[in-house]
Amino acid sequence: MNWIDIGHIDDVPLRGARLVKTSAGCIAVFRTGKDEVFAASDTCPHKGGPLSEGIVHGQKVTCPLHNMVFDLNTGAAQGADEGQIPTYPVRLDGGRILLDGDALANRSAA
Amino acid sequence: MQKLVVIGAGMATGRALEHLLDTAPGAYDITLFNAEPRGNYNRIMLSPVLSGEKSYEEIVTHDADWYEENGITCRFGEKVVSIDRERKVVVGEQGEVAYDKLIFGTGSSPFIIPVPGHDLPGVVAYRDLEDTNAMIEAAGKPGARAVVIGGGLLGLEAAAGLRLRGMEVTVLHLMGHLMERQLDEAAGYLLKKDLESRGIEVRLEAATNEISGDGKVERVLLEDGTVLDADIVVMSVGIRPAIGLAKDAGLDCGRALKVDAQMQTSDPDIYALGECVEFDGNVFGLVAPLYDQAKVLAKTLAGEADAFVMKQLSTKLKVTGCDLFSAGDFAGGEGREDIVYRDPARGIYKRLVIEDDQLIGAVMYGDTADGNWFFGLIKDGTDISEMRETLIFGPAYQGGAAADPLSAVAALPPDAEICGCNGVCKGDITAAIEGGATDLGAIRAQTKASASCGTCTGLVEQVLSVALGDDFVMPTAQPVCGCTDLTHEDVRRLIKARELKSQPAVWQELGWTTPNGCHVCRPAVNFYLLADWPLEYRDDPQSRFVNERNHANIQKDGTYSVMPRMWGGMTDANELRAIADAADKYGATVKVTGGQRIDLLGVKKEDLPAIWADLNGAGMVSGHAYTKGLRTVKTCVGKDWCRFGTQDSTGLGIALEKRLWGSWTPHKVKLGVSGCPRNCAEATCKDIGIVCVDSGYQIGVGGAAGMDVKEVERLVDVKTEEEAIEWVVAFVQLYREHAKYLDRAYKWLGKVGLEWVQEVLADDAERAALVERFDLSQSVYQTDPWAERAEPEAARRFQPLADLTLEAAE
């Protein structure tokens with residue numbers, strides 16, 4: 001693990017998300033109503049909608065373009081939809097959001 | 001006899017001495033230092049002392065006689081200055097004492113936020129009897145006001161105690177819900193409501209900027225500019241271990257004084273326990289683990305083997321009448337499941353968190369009788385898979401058969417109350433059914449059951465179902481979404497009737513099955529709340545679709561379109577120049593729209609605040625081309641130019657747009673004003689369309705030219721421009737207050753009927769009241785969202801949180 005500090009949790013709106021640009025593509029960092037953080041690909045596999053602009057509810061996000069819903073734990077599409085977004089290890093340390101750089105490197109190398 | 005010196009006469013050391021005197025009486029010659037001028041009392045009972053439910057004498061655990069009987073030398077009111085480990089002596093203010101074994105029980109100090117004025121007289125912590133007495137004294141003054149900073153366990157106990165003593169109390173809490181470390185959002189909400197019903201004001205997300213006053217506390221200033229008068233300020237924002245003495249003595253410290261499982265510090269002759277210690281990375285604030293430590297330490301000192309282990313903790317709030325309980329870990333997460341029980345009418349909420357067939361956390365509010373049973377299951381790691389179905393009902397229900405809701409209703413006696421609002425019993429309803437009632441409407445008409453707040457509707461239907469069997473078909477009204485069984489109409493009605501003014505209030509009181517809704521219900525509830533409570537509730541951007549959150553229209557490639565307002569379709573060379581410059585600068589495509597404005601397409605999200613600032617600079621504001629709100633007012637040139645024009649249609653259009661812009665509505669609202677029946681502004685297919693005639697103004701409503709094409713229906717004919725504006729504003733407000741979210745005006749009219757709308761609006765007083773309510777809402781919402789978001793602090797949010805593309809790849 002190679003934890004990279006990408007910002008403070010207060011920089012991400014409650015029940016919202018922010019974008020992080022990486023060499024593996026754009027990643028959305030989500031903050032749930034309970035102050036949990038998740039990181040996943042920003043790109044919806046359906047039509048490429050920016051998931052960081054979606055409505056965050058529970059531990060899920062809804063794509064802003066066509067309402068596909070993804071579980072932030074697993075990255076799996078919910079309900080009748082099929083699809084999967086990559087998720088990335090992320091953790092909180094005293095309010096700082098840390099993203100695993102190794103997971104990003106593996107993704108960009110793959 | 002070995003010499004034992006104890007620093008600090010608190011609850012942990014008090015308990016340790018008791019155990020030690022039990023297990024090894026006479027083994028030690030004991031000296032006890034305490035900075036407070038008294039011995040050990042039960043500190044967690046200060047709250048009942050504050051509230052007047054107990055006296056200080058009642059909470060003393062060791063009085064002077066006890067110390068004397070046990071031969072303990074007391075040095076109370078004397079601070080320890082230093083420890084000399086070489087010579088093994090403790091240096092007190094009044095002289096030295098030698099030790100063979102030394103115990104640190106120095107506890108913790110309250111954390112004081114270093115805002116200006118924190119050192120004024122009248123600012124107290126809530127840790128000891130002195131603080132408590134200061135608070136009791138302040139409460140003695142008639143009409144005195146207290147501000148409690150910190151909505152945690154202690155702060156709330158302080159607030160409740162001060163309130164019981166007759167003070168006006170305000171609690172400031174930095175987080176989004178009270179006691180966030182012990183409670184989830186739903187329970188925190190119930191607690192807040194409970195406290196408010198006791199007359200305690202609770203302000204969440206409230207940050208203190210300054211405490212001020214002339215020689216003593218007089219007021220508290222918040223970050224949002226609020227000023228609160230205060231005769232006393234209680235700071236209860238946390239504690240920090242008191243380890244100055246230990247550090248000076250060179251003992252190994254981290255966050256607190258480090259000890260091993262035998263409570264031994266880095267010096268083998270020095271031990272520590274209580275709030276001043278750190279064990280395995282943990283520090284302590286609740287009393288239960290402290291008592292465990294006391295037991296271990298006493299055994300260690302008596303030469304017996306024992307080891308301290310961390311255990312699960314539970315919390316109860318000591319405020320009479322507020323029943324809450326929490327234990328274990330109740331955060332949601334992968335592999336964790338929630339069982340939730342809510343009974344809003346009785347103010348009961350229970351949530352169990354389960355992982356791998358074990359109960360790992362419990363939060364309860366209102367009914368905590370089973371708390372200890374659940375706590376036992378958590379501590380023991382009991383496999384609960386067998387009793388899972390009835391687990392939440394507690395130990396009394398284990399081993400019983402699974403309950404069928406209908407059989408439960410069938411089993412109710414005739415005098416069981418079904419409708420609490422109107423006092424209707426099951427017997428009244430069955431009598432009505434025997435008299436021929438076969439549906440909900442008939443029951444409502446005959447008994448008034450479920451005719452007020454509506455929460456018993458389901459029960460009434462179950463009674464019908466039990467009585468009529470297959471003859472009764474449960475109605476299938478479309479619920480808002482999977483999060484609730486209520487319809488949009490139910491939700492709107494209940495928000496008004498029960499005065500629900502926040503999202504948690506809706507989720508909790510209306511029994512939502514999800515923690516904070518979904519993309520379907522949350523935007524709707526957000527709108528209903530802001531429409532009904534413009535001053536109490538604020539629009540929540542995170543409950544808005546992307547366009548309304550970013551104040552621009554997202555396009556299929558993720559770029560945005562930007563459309564400034566052109567009042568009534570009028571513009572000038574300066575505005576056009578600014579638009580042209582912006583198009584060049586941000587590489588936008590320019591499109592003239594059907595709403596008589598100009599659209600700039602293909603703008604990147606990062607550029608939005610900058611392009612807005614540029615357009616603001618030329619005097620333009622957001623055109624709200626992206627909202628469920630007022631879009632445009634399309635006009636023709638009117639009598640100023642047109643040879644057929646009968647009235648100043650452009651002027652009226654501009655006046656309407658200036659009155660209505662910025663308002664949120666259930667769906668988009670488009671207006672048109674034509675200067676004559678030739679109708680060049682196509683006003684007759686708008687949500688609201690005005691056609692000017694020689695004798696005045698014909699106002700039509702409910703038009704559309706989208707998926708459905710509808711011609712407006714005539715609402716009213718009026719003579720003057722003022723009347724036309726008044727009717728239009730009143731109509732928009734009626735639509736805002738009653739329509740289902742995402743129903744265009746014509747769909748709403750199809751449900752309520754034009755006649756009803758005409759009847760309501762024809763009443764002069766009602767019309768004036770609607771206009772007044774609209775204007776009140778506009779006093780909050782008629783602001784340019786672009787200007788707000790072009791400010792540097794807000795603009796930052798439009799940039800990526802971080803850019804890691806420059807990080808060197810391995």
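The basis for the numbers below is simple: all heavy atoms, side chains too, and nothing from hydrogens, waters or symmetry mates. Worth saying up front: this structure is predicted, and the values here are computed from it rather than measured. Here is the naming used below: chain letters follow the sequence lines, and residue numbers restart at 1 for every chain.
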Participant: Does any part of the side chain of B:Cys518, heavy atoms only, come nearer than 4.5 Å to the side chain of A:Lys60, both counted from C-beta?
Facilitator: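 A side-chain contact under 4.5 Å is absent here.
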
Participant: With a 4.5 Å heavy-atom cut-off, do A:Val56 and B:Gln542 have their side chains touching?
Facilitator: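 No, side chains not in contact.
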
Participant: Quick check on A:Leu99 against chain B: is it the side chain, the backbone, both or neither that has a heavy atom closer than 4.5 Å?
Facilitator: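 When you check distances to chain B, only side chain atoms of A:Leu99 fall under 4.5 Å.
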
Participant: Heavy atoms, side chains only, cut-off 4.5 Å: are A:His57 and B:Thr514 in contact?
Facilitator: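 Contact flag for A:His57/B:Thr514 side chains = no.
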
Participant: Roughly how far, to the nearest 0.5 Å, is OG1 of A:Thr62 from CZ of B:Phe545?
Facilitator: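 Atom-to-atom, B:Phe545:CZ and A:Thr62:OG1 are 8.5 Å apart.
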
Participant: Kindly compute the distance separating CG (A:Asp35) from CD (B:Glu180), expressed to the nearest 0.5 Å.
Facilitator: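 Separation between the atoms: 9.0 Å.
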
Participant: Identify the two heavy atoms, one from B:Asn516 and one from A:Gly58, that lie closest to each other, and give their separation to 0.1 Å.
Facilitator: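 Looks like OD1-N, 2.7 Å.
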
Participant: Of all heavy-atom pairs between A:Ile55 and B:Pro523, which one has the smallest distance, and what is that distance?
Facilitator: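 Scanning both residues, the minimum pair turns out to be CD1-CG, 3.7 Å.
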
Participant: Taking the side chain as everything from C-beta on, heavy atoms only, tell me whether A:Pro50 gets closer than 4.5 Å to B:Ile554.
Facilitator: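 Side chain of A:Pro50 against side chain of B:Ile554, heavy atoms only: contact under 4.5 Å found.
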
Participant: Report which part of A:Glu53 has an atom under 4.5 Å of a heavy atom belonging to chain B: side chain, backbone, both, or neither.
Facilitator: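 Contact with chain B: backbone and side chain both.
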
Participant: Determine, stepwise, if the pair B:Arg336 / A:Gln59 fulfils side chain to side chain contact (heavy atoms under 4.5 Å, CB included).
Facilitator: CA-CA 12 Å; B:Arg336 291 186 175 178; A:Gln59 295 181 332; over 6 Å; no

Participant: With a 4.5 angstrom heavy-atom cut-off, is it the side chain or the backbone of A:Thr74 that approaches chain B, or both, or neither?
Facilitator: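 The answer is the side chain of A:Thr74.
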
Participant: So which part of B:Asp540 gets closer than 4.5 Å to some heavy atom of chain A, the side chain, the backbone, both or neither?
Facilitator: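 The side chain, not the backbone.
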
Participant: Which atoms of B:Arg797 are under 4.5 Å from chain A, going by heavy atoms: the side chain, the backbone, both sets, or neither?
Facilitator: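 Its backbone and side chain both get close to chain A.
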
Participant: Select one option (side chain, backbone, both, neither) describing which atoms of B:Asn550 are under 4.5 Å from chain A's heavy atoms.
Facilitator: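 Contact with chain A: side chain only.
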
Participant: Do B:Glu185 and A:Lys34 have side-chain heavy atoms sitting under 4.5 Å apart?
Facilitator: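 With C-beta onward as the side chain, the pair stays apart.
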
Participant: Using a cut-off of under 4.5 Å on heavy-atom pairs, state which of A:Pro13, A:Gly7, A:Pro64 scores highest against chain B.
Facilitator: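 With the most close heavy-atom pairs to chain B, the winner is A:Pro13.
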
Participant: Heavy-atom count check: over 12 atoms from other residues, nucleotides or ligands less than 6.0 Å from B:Lys604 NZ?
Facilitator: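 For B:Lys604, atom NZ is not crowded (no more than 12 foreign heavy atoms under 6.0 Å).
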
Participant: On a heavy-atom basis, which atom in B:Leu804 and which in A:Thr22 lie closest, and how many Å separate them?
Facilitator: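 In terms of heavy atoms, the two residues are closest at CD1-CG2, 4.1 Å.
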
Participant: Quick one: what part of B:Pro541 sits under 4.5 Å from any heavy atom of chain A, side chain, backbone, both or neither?
Facilitator: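 Looking at B:Pro541, nothing touches chain A.
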
Participant: So for A:Leu65, is it side chain, backbone, both, or neither that comes closer than 4.5 Å to the heavy atoms of chain B?
Facilitator: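 The side chain, not the backbone.
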
Participant: So which residue, B:Gly517, B:Pro515, B:Gly558, B:Gly176, ends up with the most heavy-atom pairs under 4.5 Å with chain A?
Facilitator: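 Looking at each option in turn, the highest pair count goes to B:Gly517.
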
Participant: Given that the side chain runs from C-beta out, which part of B:Glu606 has a heavy atom under 4.5 Å from chain A: side chain, backbone, both or neither?
Facilitator: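 Looking at B:Glu606, just its side chain touches chain A.
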
Participant: Taking every heavy-atom pair that is under 4.5 Å apart, which of B:Arg796, B:Arg522, B:Arg544, B:Lys605 has the most such pairs with chain A?
Facilitator: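 Most pairs with chain A among the choices: B:Arg522.
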
Participant: Chain A heavy atoms under 4.5 Å from B:Lys556: which part of the residue, side chain, backbone, both or neither?
Facilitator: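 Just the backbone, heavy atoms under 4.5 Å.
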
